[in-house]
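Keep in mind it's a predicted model, so treat the numbers as computed, not measured.
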2 protein chains.
Amino acid sequence: MNNTQLQLSNQICFPIYSASRLITKAYKPYLDELGLTYPQYLVLLVLWENDGLSVNQITEKLLLNTNTLSPLLKRMEKMELLQRSRCIEDERSVIIQLTTKGKKLQKRAVPIPEKLIGELLTDQIQMEDILQLKDTLCQLISAMSNKTDHTSKA
Amino acid sequence: MNNTQLQLSNQICFPIYSASRLITKAYKPYLDELGLTYPQYLVLLVLWENDGLSVNQITEKLLLNTNTLSPLLKRMEKMELLQRSRCIEDERSVIIQLTTKGKKLQKRAVPIPEKLIGELLTDQIQMEDILQLKDTLCQLISAMSNKTDHTSKA
DNA sequence: CACGTTTATATCGTGCACGATGCAAATATA
DNA sequence: TATATTTGCATCGTGCACGATATAAACGTG
């Protein structure tokens, strides 16, 4: 059986999966300097942009579930990057707020995106390609994220 | 501080990361029927195309390390999808061979890629966009995978 | 042929992802 | 206002990913 459909080289999903892993790996040396993992960096990006969000609001922005974010946020609290506190108006909600240490980290994170882009660009890949890649991916994401909710219930 | 660079919406890596997770999730219902995870499915894609490869040869095709594949292959052996055996010429190598059960699964996997593509296509995203997406990603991957070797050594 | 080096694989520890489930606060409905 | 339902978050178990390390086989060099 020689199924063209099943050849690895013809799969669209495998390049996305591999690229995601390789890019996370490319981030690592820069994030290591800040003592962060890639998902932790994503949480900080959200909070730097908008501090004091609830756990649920962060799950919506990152398309992650609470069962991923809860332990992640606890680790970040232990690292003294942020503080978790129950919302007064709604005791179910947990509000995440940056500590001074968490806020200060932003300045050191500023140069990272530019460095990463620099590593991605080659003779073959121009900035224009990257932007188009991003555009297509975002359309894919919005098409797919409609189909799944982000609670951890089936 | 209002850093455009650090806005989540301006990151190229976040869409790749999210798309990868969402696509794996889209595969899940189909792979559940076969009792497979997405990485296990990838291993089978490789073996269906070329049975009897060594662990190292599989790591090269999937850009994964042995410390990821070793336990994964052991689980698949326990599932009776494949067999692991030391190579006779070189006792260091482990040869992976599909069992009858592993080979039979291919027939049930054939319709999966087409179904997935069907879910990705919308008014906004045509087949042409998907193919270009794949092309750019593959160039990114080849650019990045040159920078890292796939052993688990630093 | 001894011995240092490389190569192929495995093990360990940590941190995601995520389905399933639990629980308490808030809300809706009878 | 009791009770059922929904909502927000947490916990648990399993399976990746991956850096660090270990181990044995193969290889290279004197």
Between [options], spot the one nearest the side chain of [X], thanks.
X       : options                : answer
A:Lys28 : C:dC18, D:dG19, C:dA25 : D:dG19
A:Pro39 : C:dA8, C:dA25, C:dC16  : C:dC16
A:Ser93 : D:dC18, C:dC18, D:dC9  : D:dC9

Would you say a side-chain N or O of [X] is under 4.0 Å from OP1 or OP2 of [N]?
X       : N      : value
A:Arg75 : C:dC16 : yes
A:Thr68 : C:dA17 : no
A:Asn67 : D:dA10 : no
A:Tyr17 : D:dA17 : yes
A:Gln57 : D:dG8  : no
B:Arg84 : C:dA10 : yes
A:Lys74 : D:dT11 : yes
B:Thr37 : D:dC16 : yes
B:Thr66 : C:dT9  : no

Map A:Val94 and B:Cys87 onto DNA chain D by nearest heavy atom, then report which one ends up closer to the 5' terminus.
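Checking each residue's closest nucleotide, the 5'-ward one belongs to A:Val94.
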
Starting from the 5' end of DNA chain D, give me the residue, A:Leu69 or A:Arg21, whose nearest nucleotide shows up first.
A:Leu69

Work out which heavy atom in B:Lys134 is nearest to a heavy atom in A:Ile12; give both atom names and the distance.
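It is CB-CD1, 3.5 Å.
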
Side-chain heavy-atom pair B:Leu53, B:Asn50 within 4.5 angstrom cut-off:
yes

Of A:Leu72 and A:Glu89, whose nearest nucleotide on DNA chain C comes first from the 5' end?
A:Leu72

A:Glu91 vs A:Arg86, salt bridge (Lys or Arg N to Asp or Glu O under 4.0 Å): CA-CA, chis, key distance, verdict:
CA-CA 6 Å; A:Glu91 286 278 337; A:Arg86 288 280 163 184; 5.5 Å; no

